[in-house]
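To keep things clear, I will list the structure first and then write my remarks on it.
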Amino acid sequence: MRVVKVFKSYKPFNLECDSIAPDKSISHRCAIFSLFSDKTSIINNFLLGEDTLASLSIVEQLGAKVNRDKSHIEITPPKELIEPDDILDCGNAGTGMRLYSGFLAGFEGLFILTGDKYLRERPMGRVINPLRDIGARIDGRLNGSLAPIVIRGGKLKPFRYKSSIASAQVKSALILAGLKACSKSYYREDKLSRDHTERMLNGMGANITLLNNGWLEIKPLKKPLKPLNIKVPADPSSGFFFAVASAIIPNSSIVLKDVTLNATRIEAYKVLKGMGADIEFIEKENIYEPIGDISIKYNGELKAITVSKNIAWLIDELPALAIAMAVAKGKSVVKNAKELRVKESDRISSILDGLNRCGINTSERDDGYDIIGGELKSARVNSYGDHRVAMSFAIAGILSSMEIEDVACIDTSFPNFFEILSEITKIQ
Ligand code: S3P
């Protein structure tokens with residue numbers, strides 16, 4: 001087990017950072033969606049993290065030819081998908097497993113999806129059940145609740161499905177299945193979840209429309225889509241660790257370059273601004289979605305905040321936000337965030353366990369927590385194999401040295417995290 005010690009830094013930092021990891025959600029989608037075309041997709045700045053490389057290997061197992069030069073990737077899809085001669089390993093990636101489930105359900109062949117020990121404990125019924133309802137032959141352990149998932153792909157019925165959770169993974173799985181159904185399908189979620197799938201597929205020529213009545217209409221594909229030609233923007237969820245660092249280290253600042261500014265992804269920055277940090281968004285271009293720089297400056301002690309709305313838009317940033325809450329003045333409250341329980345770890349319990357070890361008072365609820373801001377004490381904390389928990393406590397280490405157990409998981413999403421952190425403080 002890899003343990004890292006991050007030492008307290010006594011110096012402010014002022015960085016302009018163009019090496020935040022490329023967006024994980026978009027990179028997974030680039031790999032999978034390239035298979036809907038009959039031409040070569042060109043992807044620059046693909047995330048070379050373990051999760052997205054697992055998605056790329058699956059594309060190859062399904063018959064695509066992948067040419068890779070560092071993060072420049074060219075994917076030439078096969079004429080027909082190949083039935084793979086081995087299982088498909090999604091690693092730690094819920095996005096990979098859930099999107100591939102919806103995608104493969106509509107193709108002829110037998111496909112078996114598995115993942116690491118953490119992914120094999122995450123709920124899969126949320127995609128398996130609706131896919132079964134539209135005629136997919138799909139199963140998993142515990143009557144379709146857990147991976148490995150076995151799919152015997154084939155014909156799918158059109159559907160009208162109202163999801164009880166705002167999940168982009170569930171929505172995307174159903175959209176991918178809907179594209180292969182025999183006529184129009186409809187999907188609805190109460191709150192919009194991240195919408196990269198709709199934007200990217202429409203950019204490739206698909207017809208997915210949010211109707212005035214709140215239903216998403218998915219028209220089946222009649223012909224192959226145009227290939228992708230994209231430079232993946234930086235990941236705002238990865239950048240957020242350093243945003244928190246700038247907001248809590250006196251006189252520090254950072255400019256995160258070329259990040260997606262998609263509204264469904266930058267809500268946590270707005271919360272951090274609400275806590276008092278000086279934050280600006282500078283939009284520069286629009287490639288499938290708005291892209292630009294985010295500037296974050298220390299602006300005095302943060303104040304506590306209550307977070308109970310738009311949870312799907314900041315769910316991945318709540319671990320890092322918890323570090324900001326731990327040093328803010330007053331009691332911060334997080335509500336309606338039960339989904340945290342089924343992420344790469346039970347994030348409510350892993351965040352609170354770490355904060356308690358650092359001497360911060362917290363209280364836990366089924367769907368959230370309270371954090372009473374105070375002084376972080378140096379501690380040894382466990383990441384529970386969760387990349388975002390590991391990186392959040394590494395950031396806390398800049399304020400008061402931390403030892404973090406089990407940090408190898410950071411390679412799933414942000415392989416150069418420690419390189420950037422070492423520009424700010426000492427690491428061992
Ligand atoms: C993701 C959607 C979110 C997010 C995850 C990536 C995606 O999960 O937490 O890290 O790429 O679609 P849910 O769809 O389960 O909310």
Side-chain angles (χ1 to χ4, degrees), residues 21-33 46-47 49-52 54-55 90-103 115 118-119 121-130 147 161 163-176 187 189-201 208 216 232-233 235-241 260 262-268 288-289 310-321 336-348 350-351 367 385-392 409-410 412-414:
D23 194 74
K24 182 149 83 84
S25 291
I26 297 177
S27 295
H28 277 299
R29 285 162 173 79
C30 283
I32 301 170
F33 298 174
F46 183 84
L47 170 61
E50 288 170 356
D51 273 9
T52 44
S55 277
C90 301
N92 186 247
T95 305
M97 182 167 279
R98 294 188 180 121
L99 268 61
Y100 269 121
S101 297
F103 175 81
Y118 301 102
L119 185 56
E121 291 308 313
R122 294 182 64 192
M124 292 300 146
R126 55 180 62 195
V127 288
I128 291 182
N129 292 329
Y161 182 71
S163 172
S164 56
I165 33 173
S167 159
Q169 295 178 358
V170 175
K171 173 174 65 176
S172 302
L174 271 288
I175 290 176
L176 297 177
Y187 182 90
E189 52 189 354
D190 284 339
K191 287 268 173 209
L192 179 70
S193 61
R194 67 186 66 188
D195 59 356
H196 308 296
T197 296
E198 300 89 302
R199 287 171 183 263
M200 291 172 67
L201 288 170
I208 304 162
L216 200 57
V232 179
D235 193 321
S237 306
S238 297
F240 195 66
F241 299 104
T260 170
N262 182 321
T264 63
R265 298 294 305 281
I266 55 169
E267 186 73 5
Y288 301 103
E289 43 192 80
N310 293 335
I311 294 294
W313 294 7
L314 49 64
I315 192 84
D316 289 347
E317 292 74 40
L318 284 171
L321 210 44
N336 304 325
K338 203 168 173 185
E339 275 294 299
L340 282 176
R341 299 260 181 217
V342 291
K343 291 294 176 188
E344 286 81 331
S345 68
D346 172 345
R347 285 192 176 148
I348 295 188
S350 22
I351 294 167
D367 73 338
D386 185 329
H387 57 135
R388 299 204 197 277
V389 174
M391 289 185 274
S392 300
C409 50
I410 292 175
T412 59
S413 68
F414 201 166

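Numbering of ligands and ligand atoms starts at 1, following listing order.
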note = One should read off an interatomic distance between Ile165 CD1 and Ile311 CD1, to the nearest 0.5 angstrom, of 14.5 Å

Give the residue, atom name and distance (to 0.1 Å) of the protein heavy atom nearest [atom].
atom	result
atom 14 (O) of ligand 1	Ser167 OG, 2.7 Å
atom 6 (C) of ligand 1	Thr95 OG1, 3.4 Å
atom 1 (C) of ligand 1	Gln169 NE2, 3.5 Å

query = So do the side chains of Arg29 and Leu99 get within less than 4.5 Å of each other, counting heavy atoms only?
reply = yes

Distance-minimising heavy-atom pair for [X] and [Y]:
X	Y	value
Tyr161	Leu174	CD2-CG, 4.4 Å
Leu119	Cys90	CD2-CB, 3.9 Å
Ile175	Leu201	CG2-CD1, 4.0 Å

message = One thing to verify: whether Glu289 and Arg194 come together as a salt bridge, which I'm taking to mean a side-chain N less than 4.0 angstrom from a carboxylate O.
response = no

inquiry  = Strictly below 4.0 Å, N to O, side chains only: are Asp386 and Lys343 in salt-bridge contact?
reply    = no

Can an N or O of [X] be found at a distance shorter than 3.5 Å from an N or O of ligand 1?
X	answer
Arg194	no
Val170	no
Ser25	yes
Arg29	yes
Asp316	yes

request  = For ligand 1, note which part of Lys24 has a heavy atom under 4.0 Å away: side chain, backbone, both or neither.
outcome  = neither

query = Taking non-hydrogen atoms only, is His196 closer than 4.0 angstrom to ligand 1 via side chain, backbone, both or neither?
reply = neither

Atom indices of ligand 1, in the order listed, that fall short of 4.0 Å to a heavy atom of [X]:
X	answer
Lys343	3 (C), 4 (C), 8 (O), 9 (O), 13 (P), 15 (O), 16 (O)
Ile315	9 (O)
Ala168	12 (O), 14 (O)

ask   = His387 and Ser413: side-chain donor and acceptor closer than 3.5 Å?
value = yes

inquiry  = Determine whether Asp235 and Arg265 satisfy the following criterion, salt bridge (charged side-chain N to carboxylate O under 4.0 Å, His left out), listing intermediate values before the conclusion.
reply    = CA-CA 9 Å; Asp235 193 321; Arg265 298 294 305 281; 3.0 Å; yes

ask   = Should Lys171 be listed as contacting ligand 1, given a heavy-atom distance under 4.0 Å as the test?
value = no

